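Everything on this sheet refers to the single structure shown next.
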Protein chains: 4
Amino acid sequence: MINRVVLIGRLTKDPDLRYTPNGIPVATFTLAVNRTYTNQQGEKEADFINCVTWRKQAENVANYLNKGSLVGVDGRLQTRNYEAQDGRRVYVTEVVAESVQFLEPKNSRTNAPEKDEPLPSDGYGDPFGDSDDPIDVSDDDLPF
Amino acid sequence: MINRVVLIGRLTKDPDLRYTPNGIPVATFTLAVNRTYTNQQGEKEADFINCVTWRKQAENVANYLNKGSLVGVDGRLQTRNYEAQDGRRVYVTEVVAESVQFLEPKNSRTNAPEKDEPLPSDGYGDPFGDSDDPIDVSDDDLPF
Amino acid sequence: MINRVVLIGRLTKDPDLRYTPNGIPVATFTLAVNRTYTNQQGEKEADFINCVTWRKQAENVANYLNKGSLVGVDGRLQTRNYEAQDGRRVYVTEVVAESVQFLEPKNSRTNAPEKDEPLPSDGYGDPFGDSDDPIDVSDDDLPF
Amino acid sequence: MINRVVLIGRLTKDPDLRYTPNGIPVATFTLAVNRTYTNQQGEKEADFINCVTWRKQAENVANYLNKGSLVGVDGRLQTRNYEAQDGRRVYVTEVVAESVQFLEPKNSRTNAPEKDEPLPSDGYGDPFGDSDDPIDVSDDDLPF
DNA sequence: TTTT
DNA sequence: TTTT
């Protein structure tokens with residue numbers, strides 16, 4: 001069925017690069033997408049949208065983007081859920097970025113090798129949290 | 001900035017119609033959007049995407065759609081957060097449906113007047129939950 | 001660069017299935033996409049958009065769709081130009097349908113074998129015209 | 001019905017600003033959208049897509065963009081046709097840009113007052129040609 | 001050259 | 001908490 005998302009926005013922080021147990025690169029990042037309308041209080045004028053990308057694209061994202069980079073994303077919406085430490089079920093809606101277009105002159109990141117840590121052996125965790133909650137996602141679930 | 005979502009899917013249950021304190025209709029519904037690829041286990045083959053729509057469109061959705069209805073949605077992604085009963089902050093990503101296209105022969109719902117209950121006076125609550133958590137959204141935040 | 005089109009509309013006539021010299025199936029069809037606004041005269045209330053699709057998708061389109069079928073299309077815009085019989089250059093803007101979603105209960109076409117004629121040996125012609133103008137498109141130009 | 005186009009590309013030349021007989025601004029421009037795939041010959045690697053925009057957006061486009069400017073466009077596909085000088089009917093497919101996002105630091109154009117000539121009194125002509133063919137489009141047909 |  |  002049709003499921004299409006197109007966004008232009010800026011990374012709220014440096015992208016996060018990890019690897020599945022099988023060695024497939026996964027990059028996650030959050031886009032701030034400014035709204036066109038302004039509310040009366042002038043507050044909450046952006047949406048913050050979590051994105052995931054895989055393989056070569058993931059490596060490019062990690063190598064060439066950083067906090068503040070302007071990008072275009074073409075992808076699709078995905079929902080998943082996982083069990084948090086406290087046993088609650090957490091529901092996640094995120095964009096799987098099939099293509100990421102860099103909209104600024106190349107500005108290669110200074111290497112941040114601490115980002116290249118492997119994933120926990122049983123999944124890719126909560127890619128947008130600070131914790132490392134394992135979740136039930138394996139290589140079999142890779143979207144492409 | 002560009003923020004565009006287009007979906008085709010089926011309502012997972014009847015839409016929910018409420019009203020803001022100022023009397024503006026808000027309908028919420030969840031779309032099951034089947035994925036094109038199939039994972040090896042044959043499991044989790046759909047995404048479940050929460051949608052909101054306002055005003056006339058909200059009333060049409062409530063009047064003409066029900067569980068299982070096939071629709072096309074053109075809209076944008078929105079993020080919000082609100083405080084749950086237990087004090088945790090809950091982050092929500094949903095689609096604001098600017099237009100909803102009905103893709104099946106009209107099949108007017110039998111009236112379900114219990115759906116037309118007003119919202120709590122301080123916001124439109126957690127539109128996708130069963131509870132009535134008030135959240136800090138007022139008429140000033142209406143997207144159009 | 002980002003180039004994305006999503007449409008819902010009805011086929012203005014039966015799709016046209018041809019083959020490149022190398023045997024790759026190409027289906028073309030035109031979608032009538034009704035406009036949401038109505039002009040004062042009530043005239044010209046639809047856009048008529050030419051679409052192309054390739055390979056397996058082309059065969060499915062030819063086998064399962066006909067005049068009046070309702071479909072969703074996810075694809076991209078493409079421009080090409082070719083020389084007409086009278087020497088003029090003709091510019092074409094069309095949608096390359098990467099995915100076509102059938103939105104109506106299967107209603108398998110009665111076979112129309114005269115549609116399955118091969119393309120002229122030097123290209124796929126003007127797929128939306130009645131003539132068979134050869135154009136400078138070869139298998140090398142296939143978009144996927 | 002759903003009709004959505006999102007593009008990122010560069011203006012192939014300065015935008016063209018005109019006015020309808022009723023004084024409504026119309027800007028036209030062509031976007032070069034680079035393809036992601038490369039054909040074997042390395043030729044024809046972009047699509048050239050005609051766009052129209054109206055009113056305030058038209059004036060902004062004319063004031064702030066020029067040849068080479070990078071923009072994002074969110075809009076819809078439109079088809080029209082008009083009679084050429086030689087009596088042939090010309091079919092046009094173009095994008096009505098509902099929003100145009102400037103993707104480069106402001107670089108205000110030097111005024112090009114010769115662009116601000118009014119339209120012929122009976123329509124907005126062939127906005128992408130060099131000629132001034134009148135066509136049967138009046139203010140009544142304005143899309144918004 | 002246009003669909004329900 | 002999920003639709004055909």
Side-chain angles (χ1 to χ4, degrees), chain A residues 1-3 77-83 88-93, chain B residues 7-16 28-36 38 43-51 65-73 90 92 94 101-107 126-131, chain C residues 7-16 28-36 38 43-51 65-73 90 92 94 101-107 126-131, chain D residues 1-3 77-83 88-93:
Chain A
M1 278 176 156
I2 285 174
N3 180 338
L77 270 175
Q78 170 178 269
T79 55
R80 344 175 247 116
N81 60 79
Y82 62 94
E83 180 137 10
R88 288 179 308 98
R89 191 137 288 269
V90 180
Y91 293 86
V92 174
T93 299
Chain B
L7 303 171
I8 295 179
R10 292 184 183 278
L11 297 231
T12 61
K13 43 181 192 177
D14 289 0
D16 193 20
T28 56
F29 55 94
T30 299
L31 281 190
V33 180
N34 294 323
R35 296 178 177 168
T36 50
T38 45
E43 61 190 0
K44 188 90 171 39
E45 82 289 0
D47 295 290
F48 299 98
I49 300 171
N50 292 334
C51 300
L65 300 180
N66 31 38
K67 180 175 175 174
S69 298
L70 184 68
V71 298
V73 160
V90 180
V92 174
E94 66 206 351
Q101 186 183 354
F102 304 166
L103 295 172
E104 287 175 325
K106 340 255 141 188
N107 157 27
D126 174 10
F128 299 105
D130 290 321
S131 62
Chain C
L7 302 172
I8 295 179
R10 292 184 183 278
L11 296 232
T12 59
K13 43 182 191 176
D14 288 359
D16 193 19
T28 56
F29 55 94
T30 298
L31 280 190
V33 180
N34 293 323
R35 296 178 178 169
T36 49
T38 45
E43 62 190 358
K44 189 90 169 42
E45 82 288 0
D47 295 290
F48 299 98
I49 299 171
N50 293 334
C51 301
L65 300 179
N66 32 40
K67 180 176 177 175
S69 298
L70 184 67
V71 298
V73 160
V90 180
V92 174
E94 67 206 350
Q101 185 181 355
F102 304 166
L103 295 172
E104 287 175 326
K106 341 253 140 189
N107 158 27
D126 174 10
F128 299 105
D130 289 323
S131 63
Chain D
M1 279 176 156
I2 285 175
N3 180 339
L77 269 175
Q78 170 177 268
T79 56
R80 341 177 249 116
N81 60 80
Y82 62 93
E83 180 138 9
R88 289 179 308 99
R89 190 137 288 269
V90 180
Y91 293 87
V92 174
T93 299

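This one's a predicted model, so the numbers in the text were calculated from it and none came from an experiment.
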Any idea which of [options] is nearest the [X] side chain?
X: B:K67; options: F:dT2, F:dT3, E:dT3; answer: F:dT3
X: A:R89; options: F:dT1, F:dT4, E:dT3; answer: F:dT1
X: C:E45; options: F:dT3, E:dT1, E:dT3; answer: E:dT3
X: B:A32; options: E:dT3, F:dT2, F:dT3; answer: F:dT3
X: B:T30; options: F:dT2, E:dT3, E:dT1; answer: F:dT2
X: B:F48; options: F:dT1, F:dT3, E:dT1; answer: F:dT3

Exercise. What distance separates A:M1 CE from B:N34 CG, expressed to the nearest 0.5 Å?
Worked result: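 Reported to 0.5 Å precision, the distance equals 5.0 Å.
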Rounded distance in Å - [atom1] ([X]) to [atom2] ([N]):
X: B:L11; N: F:dT3; atom1: CG; atom2: P; answer: 11 Å
X: B:Q101; N: E:dT3; atom1: CD; atom2: C1'; answer: 13 Å
X: B:R10; N: F:dT1; atom1: CZ; atom2: C1'; answer: 19 Å
X: D:R80; N: E:dT2; atom1: CZ; atom2: C1'; answer: 18 Å
X: A:I2; N: F:dT3; atom1: CD1; atom2: P; answer: 22 Å
X: C:L31; N: E:dT2; atom1: CG; atom2: P; answer: 16 Å
X: D:N81; N: E:dT1; atom1: CG; atom2: C1'; answer: 10 Å
X: C:R35; N: E:dT3; atom1: CZ; atom2: C1'; answer: 14 Å

Side chain to side chain, [X] and [Y], heavy atoms closer than 4.5 Å:
X: C:R10; Y: C:L70; answer: yes
X: B:N50; Y: B:T28; answer: no
X: C:L7; Y: D:I2; answer: no
X: D:L77; Y: C:V33; answer: no

For this session: Select base, sugar-phosphate, or nothing to describe what C:G9 touches, counting heavy atoms under 4.0 Å on all strands.
Result: nothing
